[in-house]
Amino acid sequence: MTLIVFMTKLSVNINKIATLRNARGGNIPDVVKVALDCEKFGAQGITVHPRPDERHIRFKDVYDLKAKIKTELNIEGYPSQKFVDLITTIRPTQVTLVPDKPDAITSNAGWDTIENQQLLSDLVDEFKAVGVRTSIFTGTDLKIIEFAAKTGTDRIELYTEPYASDYSKDKEAAIASFIEAAKYAKKLGLGVNAGHDLSLENLHFLYKNIPWLDEVSIGHALISDALYLGLEKTIKAYKNCLKETPELLD
Ligand SMILES: CC(=O)[C@@H](O)[C@H](O)COP(=O)(O)O
Ligand SMILES: NCC(=O)COP(=O)(O)O
């Protein structure tokens, strides 16, 4: 009998730390220090999502982070020429392509991988040629996932906002399309990441139903929880949700 052991990595999105820093113009809080502390407290990756107006993570931050962090660096964003140059220069562990408009408050949809097939395929080729793992942000539509796989991408990232917002109404209904999508992606040979609006409330149920998730990237709720619990306890609490049987934490 073969025992399959899954491990879903927690990548902490530190955009909100940069938002706080930018409010005053100095270097408090220090984004790189927070990233290193996240790693010290157990984060298995750091995610950043630079946007064209640099209202939170700045392009310079990404260089500083790459030089210092020891875990996986995941850079998410819309593939403008500036973003593509950043990725090919920095060569992070992973790039996640997100179709958000420059003025979007936050990411609010996955790619139409059918309409953008050529664009995405070319980008995947370009990034894989320089050794960067690729991930494409998608919804749960199976046709969209099929066409994501056709680009040659290593992974997809499932956009979990619809799951998070429906969770409190009916969690079984909220997760159903995500299980189906993640099963299909796995069958097509894709790795599966997930992110957006994941929280201490909804994370364990996601993990329990899709234990083969490779990575979850979490920022907004995690950084907000850290205001009450502190960063160390918060990261431990999120990692605890990524266990088959979470422990009782104090
Ligand atoms: C792709 C995705 O869902 C995240 O990168 C999200 O956009 C986080 O960015 P903000 O923290 O700026 O909302
Ligand atoms: N890819 C999702 C991400 O990085 C964080 O999203 P959120 O937890 O800030 O909603």
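Numbers here are sequence positions counted from 1. This is a predicted model, so every value here is computed, not measured. One-based numbering, in listed order, for ligands and for the atoms of each.
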Peer 1: With heavy-atom distances below 4.0 Å as the criterion, list the atoms of ligand 1 near Arg51.
Peer 2: 7 (O), 9 (O), 10 (P), 12 (O)
Peer 1: Would Arg51 and Ser107 count as a side chain to side chain contact (heavy atoms under 4.5 Å, CB included) if you check the C-alpha gap in whole Å, the side-chain angles of each, and the deciding distance to 0.1 Å?
Peer 2: CA-CA 11 Å; Arg51 289 201 167 78; Ser107 312; 3.3 Å; yes
Peer 1: Can you tell me the protein heavy atom closest to atom 8 (O) of ligand 2 and the distance?
Peer 2: Gly219 N, 2.8 Å
Peer 1: Could you find the nearest protein heavy atom to atom 4 (O) of ligand 2 and give me its residue, atom name and distance?
Peer 2: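 The protein heavy atom lying closest is Asn13 ND2, 2.8 Å.
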Peer 1: How about NE2 on His204, more than 12 heavy atoms from neighbouring residues, nucleotides or ligands closer than 6.0 Å, or not?
Peer 2: yes
Peer 1: Do you know the tightest heavy-atom contact between Gly191 and Asp214?
Peer 2: CA-OD2, 3.1 Å
Peer 1: I need the nearest protein heavy-atom contact for atom 9 (O) of ligand 2: residue, atom name and distance, please.
Peer 2: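 The closest heavy atom on the protein side is His220 N, 2.9 Å.
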Peer 1: Using the rule side-chain contact (heavy atoms from CB on, under 4.5 Å), only one of Val12, Val48, Thr47 pairs with Asn74; which is it?
Peer 2: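 Of the listed residues Val12, Val48, Thr47, the side-chain contact (heavy atoms from CB on, under 4.5 Å) partner of Asn74 is Thr47.
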Peer 1: Can you name the atoms of ligand 2, numbered from 1 with element, that are less than 4.0 Å from a heavy atom of Ile218?
Peer 2: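 Numbered from 1, ligand 2 contributes 8 (O).
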Peer 1: Starting from atom 10 (O) of ligand 2, which protein heavy atom do you reach first, and at what distance in Å?
Peer 2: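 Nearest protein contact, heavy atoms only, for atom 10 (O) of ligand 2 is Asp197 N, 2.8 Å.
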Peer 1: Which of the numbered atoms in ligand 1 are below 4.0 angstrom from a heavy atom of Asn13?
Peer 2: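 Listed by number with element, the hits are 5 (O), 8 (C).
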Peer 1: Looking only at non-hydrogen atoms, find the nearest pair between Val132 and Asp154 and report the distance.
Peer 2: O-OD2, 4.3 Å
Peer 1: Taking 4.0 angstrom as the limit and counting only heavy atoms of His56, give me the atoms of ligand 1 inside it, by number and element.
Peer 2: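 Counting from 1, the qualifying ligand atoms are 12 (O).
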Peer 1: Going by the side chain to side chain donor-acceptor pair (under 3.5 Å) test, name the single residue among Glu72, Glu157, Arg133 that passes it with Gln94.
Peer 2: Arg133
Peer 1: Side chain to side chain contact (heavy atoms under 4.5 Å, CB included) for Phe127 and Leu97? Distances and angles first, verdict last.
Peer 2: CA-CA 11 Å; Phe127 295 141; Leu97 299 169; 3.8 Å; yes
Peer 1: So which heavy atom in the protein is nearest atom 5 (O) of ligand 1, and how far is it from that ligand atom?
Peer 2: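 Here the closest protein heavy atom is Glu76 OE1, 2.5 Å.
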Peer 1: Any idea which atoms of ligand 1 are less than 4.0 Å away from a heavy-atom of Ser107?
Peer 2: 1 (C), 2 (C), 3 (O), 4 (C), 6 (C), 7 (O)
Peer 1: Could you tell me which non-hydrogen atom of Leu229 sits nearest to which non-hydrogen atom of Lys233, and how far apart they are?
Peer 2: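 Minimum heavy-atom separation between Leu229 and Lys233: O-CB, 3.4 Å.
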Peer 1: Can you find an N or O of Asn15 that's nearer than 3.5 Å to an N or O of ligand 1?
Peer 2: yes
Peer 1: What is the nearest protein non-hydrogen atom to atom 3 (O) of ligand 1, stated with its residue, atom name and distance?
Peer 2: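 Its nearest protein heavy-atom neighbour is His196 ND1, 2.6 Å.
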Peer 1: Among all protein heavy atoms, pick out the one at the shortest distance from atom 2 (C) of ligand 2; state its residue, atom name and that distance to 0.1 Å.
Peer 2: Ser217 OG, 3.2 Å
Peer 1: Atom 6 (O) of ligand 2: which protein heavy atom is closest, and how many Å away?
Peer 2: His196 CA, 3.7 Å
Peer 1: Quick check: Glu157 and ligand 2, any N/O pair under 3.5 Å apart?
Peer 2: yes
Peer 1: Using modelled atom types only, decide if a donor and an acceptor are shared between the side chain of Thr234 and the backbone of Leu222 within a distance under 3.5 Å.
Peer 2: no
Peer 1: What part of Phe137, side chain, backbone, both or neither, has a heavy atom within less than 4.0 angstrom of ligand 1?
Peer 2: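 Looking at Phe137 and ligand 1, just side chain atoms fall under 4.0 Å.
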Peer 1: Check ligand 2 against Glu76 and write out every atom of the ligand that is under 4.0 Å from a heavy-atom position of the residue.
Peer 2: 1 (N), 2 (C), 4 (O)
Peer 1: With atoms numbered from 1 as shown, which atoms in ligand 1 lie under 4.0 angstrom from a non-hydrogen atom of Lys16?
Peer 2: 10 (P), 11 (O), 13 (O)
Peer 1: Among protein heavy atoms, which lies nearest atom 13 (O) of ligand 1, and at what distance?
Peer 2: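 It is Thr106 OG1, 2.5 Å.
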Peer 1: Determine, for Phe147 and Lys150, whether the Lys NZ or Arg CZ falls below 6.0 Å from the six-membered ring centre while staying within 45 degrees of the axis.
Peer 2: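 That pair qualifies as a cation-pi contact.
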Peer 1: For Arg58, is there an ion pair with Asp61 - N to carboxylate O distance below 4.0 angstrom?
Peer 2: no
Peer 1: For ligand 2, find out whether one of its N or O atoms is nearer than 3.5 Å to an N or O atom of Thr47.
Peer 2: no
Peer 1: Do Asp141 and Lys143 meet the salt-bridge criterion of a basic N to acidic O distance under 4.0 Å?
Peer 2: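 No.
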